[in-house]
S.K.: 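First the structure, then my questions, so here it is.
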Amino acid sequence: MNLQLGKRFWIVVTTSILLFTFFVVGRNALHAVRIKRQIRALTRERDAYKARIAADSILLEQLKYDDFLEEYAREQFRMQRRDEQVYIVE
């Protein structure tokens, strides 16, 4: 039993292996690009939240003082005293 494999067979096998490798590597590369994009988006979101936390921490420190607390309540919530009239100009 003499098995002879021709040139055409090896070309088909090599092409099949190369195509399979190309699709597997390409799919993994595409997945890696998507993950890197998600990481960048999450990093930007984290930085935005850190900045907001810092701003809120400063506001929290300022709200400990009665003068600033009254000013903040008047500006943000349009609060007023009983005998006071407030005119809102925007």
Side-chain angles (χ1 to χ4, degrees):
M1 190 180 237
N2 193 4
L3 188 65
Q4 290 184 345
L5 300 174
K7 188 176 180 182
R8 180 179 284 169
F9 173 77
W10 290 113
I11 291 174
V12 169
V13 169
T14 305
T15 305
S16 300
I17 290 172
L18 288 176
L19 284 174
F20 177 75
T21 304
F22 176 75
F23 284 121
V24 169
V25 170
R27 196 177 93 218
N28 288 339
L30 184 63
H31 186 66
V33 168
R34 285 182 188 151
I35 287 181
K36 284 183 182 181
R37 196 177 308 147
Q38 283 181 337
I39 288 172
R40 275 184 267 141
L42 290 173
T43 303
R44 283 192 303 268
E45 189 176 342
R46 181 195 65 192
D47 293 341
Y49 283 132
K50 280 185 177 182
R52 186 168 178 187
I53 287 171
D56 287 346
S57 297
I58 292 171
L59 178 64
L60 188 61
E61 284 295 319
Q62 290 174 341
L63 287 175
K64 289 181 180 178
Y65 301 106
D66 289 335
D67 295 338
F68 186 80
L69 181 62
E70 182 180 351
E71 178 184 335
Y72 185 78
R74 287 172 177 269
E75 289 176 0
Q76 297 297 320
F77 303 111
R78 296 186 171 122
M79 298 181 101
Q80 61 189 10
R81 293 192 183 119
R82 291 178 195 258
D83 57 346
E84 184 178 56
Q85 290 189 6
V86 176
Y87 299 99
I88 300 173
V89 179
E90 291 186 19

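Keep in mind that what you see is a predicted model, and the values were worked out from it rather than measured.
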S.K.: Tell me every residue that passes side chain to side chain contact (heavy atoms under 4.5 Å, CB included) with Arg44, counting only those two or more places apart in sequence or in another chain.
M.R.: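 With neighbours one apart ignored, the set is Arg40, Ala41.
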S.K.: Quick one: salt bridge (Lys or Arg N to Asp or Glu O under 4.0 Å) pairs with a partner in residues 47-73, sequence neighbours left out?
M.R.: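 Sorted pair list: Glu61-Lys64, Glu70-Arg74, Glu70-Arg81.
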S.K.: Under 4.5 Å between side-chain heavy atoms, chaining through other members, with only Ile, Leu, Val, Met, Phe, Trp and Tyr counted: pull out the rest of the cluster around Ile11, sorted by chain and number.
M.R.: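 Answer for Ile11: none, a lone residue.
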S.K.: Please enumerate all residues that pass side chain to side chain contact (heavy atoms under 4.5 Å, CB included) together with Phe20, with sequence neighbours excluded.
M.R.: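 Phe20 satisfies side chain to side chain contact (heavy atoms under 4.5 Å, CB included) with Val24 only.
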S.K.: Provide the full list of side chain to side chain donor-acceptor pair (under 3.5 Å) pairs with a residue in residues 8-36, sequence neighbours left out, each pair given once.
M.R.: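 Sorted result for residues 8-36: empty, none.
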S.K.: Indicate yes or no: at least one non-hydrogen side-chain atom of Phe9 is less than 4.5 angstrom from one of Val13.
M.R.: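 Phe9 vs Val13: side chains touch.
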S.K.: Would you give the length of the straight line joining atom CG of Leu18 to atom CZ of Phe22, rounded to the nearest 0.5 angstrom?
M.R.: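 Here the interatomic distance stands at 11.0 Å.
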S.K.: Give me the other members of the hydrophobic cluster that Ile35 sits in, counting Ile, Leu, Val, Met, Phe, Trp and Tyr linked by side-chain heavy atoms under 4.5 Å, directly or via other members.
M.R.: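 Result for Ile35 is Ile39.
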S.K.: Let me check something: do Val33 and Val25 share a hydrophobic cluster, defined by ILVMFWY side-chain heavy atoms less than 4.5 Å apart, either directly or through other members?
M.R.: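 In one cluster: no.
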S.K.: Suppose we screen for side chain to side chain contact (heavy atoms under 4.5 Å, CB included). Which residues come up paired with Tyr65, at least two apart in sequence or across chains?
M.R.: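 If we apply the side chain to side chain contact (heavy atoms under 4.5 Å, CB included) test to Tyr65, skipping adjacent residues, there are no hits.
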S.K.: For Ile58, which residues count as a side chain to side chain contact (heavy atoms under 4.5 Å, CB included) partner, sequence neighbours excluded?
M.R.: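 Partners of Ile58 by the side chain to side chain contact (heavy atoms under 4.5 Å, CB included) criterion, ordered by chain and then number, come out as Gln62.
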